[in-house]
Amino acid sequence: MSRTDTPQRIRGTQDLFGEDARRHAKVVETFERVRRLYGFQPVEIPIFEATAVFARSIGETTDVVSKEMYSFEDKGGDSVTLRPEFTAGLARAYLGNGWQQYAPLKLATHGPVFRYERPQKGRYRQFHQIDAEVIGAAEPAADVELLVMADQLLRELGVSDGVTLQLNTLGDSATRDAWRQALVAHFEAHRGDLSEDSVARLDKNPLRILDSKDPRDRPIADAAPGIDEHMSSEAGAFFAAVTKGLDAAGVAWTRNARLVRGLDYYRHTAFEFVTDRLGAQGTVLGGGRYDGLIETLGGPHTPAVGWAAGIERLAMLIEEPIAQGLGIAVIAEDRQLETSALAFVTALRRAGVNSELFASGNPKKRYDKAMRSNPAHTISLSHREGVNGVAQRSLRPQDLDLEKVRSIVDPLIFALPQSAA
RNA sequence: GCGACCGUAGCUCAGUUGGUUAGAGCGCCGGUUUGUGGUACCGGAGGUCGCGGGUUCAAGACCCGUCGGUCGCCCCA
């Protein structure tokens, strides 16, 4: 196969076709519908940005920036990066276009994002996300609205059954700092019993030890101090308002005090909708409040909250969407009738009737080929014993307006020459 | 970056402890049959068995490397 030099698909990219493409489209269509219900405005931003947009917002030194971004120099020598997420680009657009005047601004978008990772189940280098953000809203009501929207989306996709909303708060910066210090002290005391990975995390990202999968870490992580012991009263009140809002909206949630974010700009609410049906990749939709982000891009302090979900992961969870069946199969069972059949199918399509022409290959096999496409109705042009004829057959009459079909087709049948052309 | 498993027609897969010219089903193309009929039959195209080395009288089968895929670890904005 690779004997020829046909170029290969880049590792971690996908060609979506057939069922895969239908699943993808179903997720996007559902998101678009729900997004409108909640009044989130559509927005389109570039799929690549100056590298600084992501490097500064995420943190120059993190693994994420140094190893997992698709960065390269363009012909002018500028460093550009394929977007690894939507949030930073939206924040850049918000600042650069003066969208502060519309604050609080509810935005929704979707499209490809890129991360330089080793592909595995539910993880690709180019994958696709749906994304919703509320920029310029400090109130817990914004968090609640986003979560209720996410919940409705998952319901309408029919995936909510195996999925639970895990919720946590990271507190305000004072809370977060105090908790972090307590955690580091706790883990330092048990340094010798931690896994090698977690010893490394202790220096780089101690919060991540909390959700370590290594059994050696679990007892230590489970015994770690919780954030609630360090919660400021303001932060506690904020979280209480969020949970109260979810309860009022009837959205089920569970507290996961070990749920953290890797990046420093997150504050207060952090959440993930999680399933156990996706192997190692359990998170279906995740997000949180990022009140610190916009300042890192040189803007004024701007509270904001948002979430994103991987389309591929949702597409794997939903029921298989039924393929749109063929409306009318127009079959030329004789080579001399191919142009007439083309006239039929063209007239039907111009009138808005989904139809397909079967006029190639062995004429005697065209009918069988047409039947395999599962048409609602067939119109077959044939020539037998010197006479042209049109035969019709309805297999799923309920799927078509046969009255309309007749009005389009009857004149063409009438005009068909009686005998061979 | 690390690890495990997997690579045979367009697709799904056979291929016996290494042993002549590598097979099937589906799909595709041509033909016959049927003639309101998703039928049946005949024929055809399509593979240097991912690629490169090695072992052997002999490799699709064994060994090494490489590329690709899948799953997991790390990471997860």
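In what follows, every chain begins at residue 1, and chains take the letters A, B, ... in the order their sequences are listed. Here the structure is a predicted model, which is why all the values come from computation and not from measurement.
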How many whole angstroms separate atom [atom1] of [X] from atom [atom2] of [N]?
X        : N     : atom1 : atom2 : result
A/Gln120 : B/C5  : CD    : C1'   : 14 Å
A/Lys369 : B/C28 : NZ    : C1'   : 9 Å
A/Lys364 : B/G37 : NZ    : P     : 18 Å
A/Asp211 : B/C73 : CG    : P     : 12 Å
A/Asp368 : B/A40 : CG    : P     : 9 Å

Hey, is the side chain of [X] pairing donor to acceptor with the base of [N] inside 3.5 Å?
X        : N     : answer
A/Lys213 : B/G72 : no
A/Arg123 : B/C75 : yes
A/Lys365 : B/G30 : yes

What nucleic acid atoms does [X] come within less than 4.0 Å of, heavy atoms only: base, sugar-phosphate, or nothing?
X        : answer
A/Asn374 : nothing
A/Arg201 : sugar-phosphate
A/Tyr290 : nothing
A/Asp197 : sugar-phosphate
A/Gly286 : nothing

Inset, instruction - Using the closest heavy atom to pick a nucleotide of RNA chain B for each, name whichever of A/Arg11 or A/Gly122 lands nearer the 5' end. - result: A/Arg11
Inset, instruction - Take A/Tyr265 and A/Pro119, find for each the nucleotide of RNA chain B with the closest heavy atom, and name the residue whose nucleotide sits nearer the 5' end. - result: A/Pro119
Legend entry - A/Arg83 to A/Phe54, cation-pi by 6.0 Å centre distance and 45° axis angle: no
Tell which nucleotide pairs with [N], taking only Watson-Crick or G-U wobble pairs whose two distances are both under 3.5 angstrom.
N     : result
B/U56 : none
B/C11 : B/G25
B/U36 : none

Legend entry - Over 12 foreign heavy atoms within 6.0 Å of CD, A/Glu188: yes
